[in-house]
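These numbers come from the heavy atoms of this one structure, side chains and all, not from hydrogens, waters or symmetry mates.
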Amino acid sequence: MLDIIKLLPDSVANQIAAGEVIQRPASAVKELMENALDAGATQIDLVVKDAGKSMIMVVDNGCGMSETDARLCFERHATSKISKAEDLFNIRTMGFRGEALASIAAIAQVELKTRRRDDEVGTKIVNEGSVVKEQSLVPMQPGTTFTVKNLFFNVPARRNFLKSPQAEMRHIVEEFTRVTLMNPEIGFTLVSDGKEVYHLYPGNLKQRIMGLFGNNYEEKLLPVRQESDRVRIDGYIVKAEFAKKTRGEQYFFVNKRFIKHAYLHHAIENAFLEMIPKDSFPGYFLNIEVDPADIDINIHPTKTEVNFLDVKLVYAILHAAVRKAIGQHNLSPMIDFDESAELNNDFVAAMGMSSPLSLPNVPIDPNFNPFRKENGPRESHWEGGYQPQRNAPSGDWRILYGERTDLTEGPSERQEETKPEARYLQVNQSFVVTTVKSGLLVIDQHLAHSRVLFEKFLKEMENHSGVSQQELFPQALSLNANDASLLKEMLPELENLGFVLEQANPTTFMVNGTPTDAAGCDAVALLEKILDNYKINRTDLQLDRKLSLAKTMAAQLSLKAQTRLTETEMQNLVDQLFACNVAEVAPNGKRIFVIINMEDLFK
């Protein structure tokens with residue numbers, strides 16, 4: 001029988017290995033930028049075209065490479081970071097396996113230009129599919145320039161699995177953010193298709209966060225500082241009142257390397273317990289400094305997962321650090337305004353009083369009319385006005401409707417004839433009640449109005465019929481690059497609803513007009529809520545962008561509970577509800593109304 005096991009050709013083996021490290025353009029961006037950091041660069045520029053599919057260029061002013069190193073760097077497992085297995089547990093650099101450049105060269109056309117400061121000229125190498133096509137000398141500034149063209153040109157199947165340019169660009173921006181956050185002392189730029197997305201100047205961590213996520217983060221951040229013999233935690237958390245519905249701004253770093261760690265994330269969530277709603281998530285930008293011997297980062301191809309030698313210790317210190325930061329900045333409720341017997345007694349004793357303080361009990365008659373003659377002279381019988389009226393009928397319909405009248409006298413026949421019969425009644429300023437053939441119809445006014453607006457917004461988006469109301473003073477909406485990209489995707493639907501948005505720069509939009517239904521509403525807060533919900537629903541394949549937008553708008557602009565309605569408003573709401581295509585269920589899936597039948601009423 002013939003042997004069936006054979007060695008793969010190097011070209012195939014390299015492409016298979018590349019699939020573990022380079023999954024999309026953003027993966028190449030991450031590896032190239034981390035190499036620039038390891039080279040000691042103080043300025044790193046990233047240029048991409050067609051969301052990295054056509055070109056990725058990373059330019060740095062680092063130490064550069066010699067001619068021999070430039071040629072050797074494309075070989076698999078060629079590295080300057082480690083020389084023996086023990087070195088894996090003393091890693092202080094971003095890269096160390098020597099896989100990144102070999103993986104990129106296996107599936108793309110790569111041009112490398114590099115020069116050391118002591119060299120007069122640089123070296124240029126062109127590598128296509130792991131094959132060196134050209135090597136020459138070139139004049140250039142000290143540093144290194146990597147240009148990656150036509151990613152996956154020789155693996156078309158993988159190229160077909162790439163997402164839309166907008167989605168791939170968001171991944172690139174996310175990797176750019178992860179690399180730049182914990183290196184605020186280094187300058188970075190990001191240019192996409194000829195437009196500058198970010199220009200980050202050297203500074204401190206807070207300035208870097210503001211540069212990436214917007215200047216409004218200056219008031220949102222709380223510093224976190226904690227140091228022990230084995231662990232040091234440094235960074236910022238986002239105040240509880242600014243918690244979001246998505247896991248957007250959550251960044252963990254270990255020794256300045258971005259990681260994902262559910263157990264440590266729980267430590268922060270637990271620290272914010274009872275301070276944020278259950279469906280919201282805390283934001284944080286935290287770096288954990290530990291001895292490299294206490295962690296193992298060689299457990300994942302992209303190095304985003306780590307093992308801690310004593311993860312429970314890190315958990316405890318992290319939890320305490322976040323709680324301390326919250327307490328120091330008065331986010332926790334420090335004063336209990338509930339009545340305290342002990343405090344009252346202490347105060348009484350200090351003042352030399354014999355009994356605790358108590359509020360005076362003043363009887364009040366809400367039906368007392370000082371201008372009515374039947375009340376008697378105020379000078380001689382003023383006490384009578386403060387006695388509760390005992391003979392008022394308890395079930396009088398005039399009390400329910402708040403009509404001011406003398407309850408000691410029954411309604412006249414003329415009053416009964418002219419008083420129109422009420423068809424709608426509002427209960428607790430939250431429910432509309434009316435009679436139907438089979439009994440009582442009880443409608444939740446918030447859910448009903450939400451259904452009406454939901455179908456109205458869907459129709460406006462389909463027919464491009466939204467009416468806009470111009471803003472007297474346009475408002476500025478500042479976003480991070482990812483959210484700005486999402487908003488650009490949603491612009492057609494937003495404009496169909498009546499929003500008038502103008503892009504002032506890559507991450508700022510001017511709100512010049514809003515839908516008439518949003519009159520008096522905070523347009524910036526509404527758009528931020530729309531973005532948050534869209535990010536939540538993006539993973540739901542059954543919910544397209546229009547449905548997500550209509551649901552969010554309806555939820556934000558619909559009548560809230562405890563809103564008083566006139567009978568005409570209640571009638572209009574009921575009429576509009578039963579004119580909807582689906583009148584029984586709200587956009588969030590809850591029942592809008594119930595009918596209490598006569599049999600249940602008699603019971």
Side-chain angles (χ1 to χ4, degrees), residues 25-49 52 55-74 78-81 91-96 98 100-101 104-105 108 110-127 134-149 172-173 175-205 207-209 211-212 253 255-258 481:
S27 305
V29 167
K30 170 185 180 292
E31 300 294 348
L32 293 175
M33 292 186 69
E34 288 182 348
N35 282 348
L37 289 175
D38 288 342
T42 58
Q43 177 66 42
I44 301 174
D45 302 320
L46 170 63
V47 181
V48 297
K49 288 184 180 178
M55 188 197 76
I56 300 170
M57 179 189 293
V58 175
V59 183
D60 70 67
N61 62 352
C63 64
M65 289 182 280
S66 68
E67 185 176 353
T68 304
D69 288 343
R71 182 69 179 259
L72 195 58
C73 72
F74 289 105
T79 176
S80 63
K81 314 297 175 54
I91 297 295
R92 296 186 179 274
T93 55
M94 303 301 288
F96 55 88
L101 297 182
I104 295 172
V110 182
E111 179 185 279
L112 164 64
K113 293 180 181 179
T114 184
R115 178 196 156 193
R116 295 180 298 184
R117 287 179 175 81
D118 296 336
D119 296 335
E120 294 182 358
V121 292
T123 302
K124 174 183 176 182
I125 292 180
V126 177
N127 192 317
E134 178 188 343
Q135 180 172 343
S136 58
L137 299 177
V138 291
M140 62 175 294
Q141 294 292 324
T144 302
T145 300
F146 271 101
T147 305
V148 180
K149 296 181 180 178
I172 289 175
V173 170
E175 291 295 350
F176 179 86
T177 301
R178 293 172 180 178
V179 172
T180 58
L181 260 176
M182 284 299 139
N183 297 280
E185 71 282 358
I186 299 174
F188 293 89
T189 62
L190 170 57
V191 177
S192 173
D193 294 327
K195 296 181 180 177
E196 188 174 79
V197 180
Y198 284 114
H199 194 129
L200 305 175
Y201 297 95
N204 55 39
L205 177 56
Q207 292 169 334
R208 180 55 49 89
I209 294 172
L212 288 167
F253 298 84
N255 296 347
K256 295 192 174 183
R257 182 192 302 278
F258 175 80

K.L.:
Do Val47 and Thr189 have side chains that approach each other closer than 4.5 Å (heavy atoms only, starting at C-beta)?
P.N.:
no
K.L.:
Looking only at heavy atoms, what is the nearest atom pair of Asp193 and Lys49, with distance?
P.N.:
OD1-CA, 3.3 Å
K.L.:
Determine yes or no for a side-chain-to-main-chain donor-acceptor pair under 3.5 angstrom, with Arg115 supplying the side chain and Cys63 the backbone.
P.N.:
no
K.L.:
Counting C-beta onward and ignoring hydrogens, is there a side-chain heavy-atom pair between Leu46 and Phe188 closer than 4.5 Å?
P.N.:
no
K.L.:
Can you tell me if CG on Asn204 sees more than 12 non-hydrogen neighbours from other groups inside 6.0 Å?
P.N.:
yes
K.L.:
Look only at the side chain of Tyr198 and the backbone of Phe176, and say whether a donor-acceptor pair between them is shorter than 3.5 Å.
P.N.:
no
K.L.:
Under the side-chain contact (heavy atoms from CB on, under 4.5 Å) test, which residues partner Asn127, sequence neighbours left out?
P.N.:
Phe74, Ala105, Val132
K.L.:
Testing Thr123, Thr145, Thr144, Asp60 for side-chain hydrogen bond (donor to acceptor under 3.5 Å, both in side chains) with Thr114, which one passes?
P.N.:
Thr144
K.L.:
What residues form a ring-ring contact (aromatic ring centres under 6.0 Å, His included) with Phe253, not counting sequence neighbours?
P.N.:
Phe258
K.L.:
Calculate, to the nearest 0.5 Å, the distance between atoms CG and CG belonging to Asp45 and Leu190 respectively.
P.N.:
10.0 Å
K.L.:
Taking atom CZ of Arg178 and atom OG1 of Thr180, what is their separation to the nearest 0.5 Å?
P.N.:
11.5 Å
K.L.:
Taking the side chain as everything from C-beta on, heavy atoms only, tell me whether Ile172 gets closer than 4.5 Å to Pro25.
P.N.:
yes
K.L.:
Could you tell me if the side chain of Glu175 sits less than 4.5 Å from the side chain of Val173, heavy atoms only?
P.N.:
no
K.L.:
For Ser66, what residues pass the side-chain contact (heavy atoms from CB on, under 4.5 Å) criterion, not counting sequence neighbours?
P.N.:
Thr68, Asp69, Arg116
K.L.:
Roughly how far apart are Asn35 CG and Phe146 CZ, rounded to 0.5 Å?
P.N.:
6.5 Å
K.L.:
Do the non-hydrogen side-chain atoms of Leu112 and Cys73 ever get within less than 4.5 Å of each other?
P.N.:
yes
K.L.:
Test your reading of the model: is there a side-chain donor-acceptor pair from Glu34 to the backbone of Glu31, 3.5 Å cut-off?
P.N.:
no
K.L.:
If you count heavy atoms of other groups shown closer than 6.0 angstrom to CD of Glu134, is the number above 12?
P.N.:
yes
K.L.:
Answer whether the closest heavy-atom distance between the side chains of Leu205 and Met182 falls below 4.5 Å.
P.N.:
yes
K.L.:
Is any side-chain heavy atom of Val29 less than 4.5 Å from a side-chain heavy atom of Val58?
P.N.:
no
K.L.:
Does the side chain of Gln135 come within less than 4.5 Å of Arg71's, by heavy atoms?
P.N.:
yes
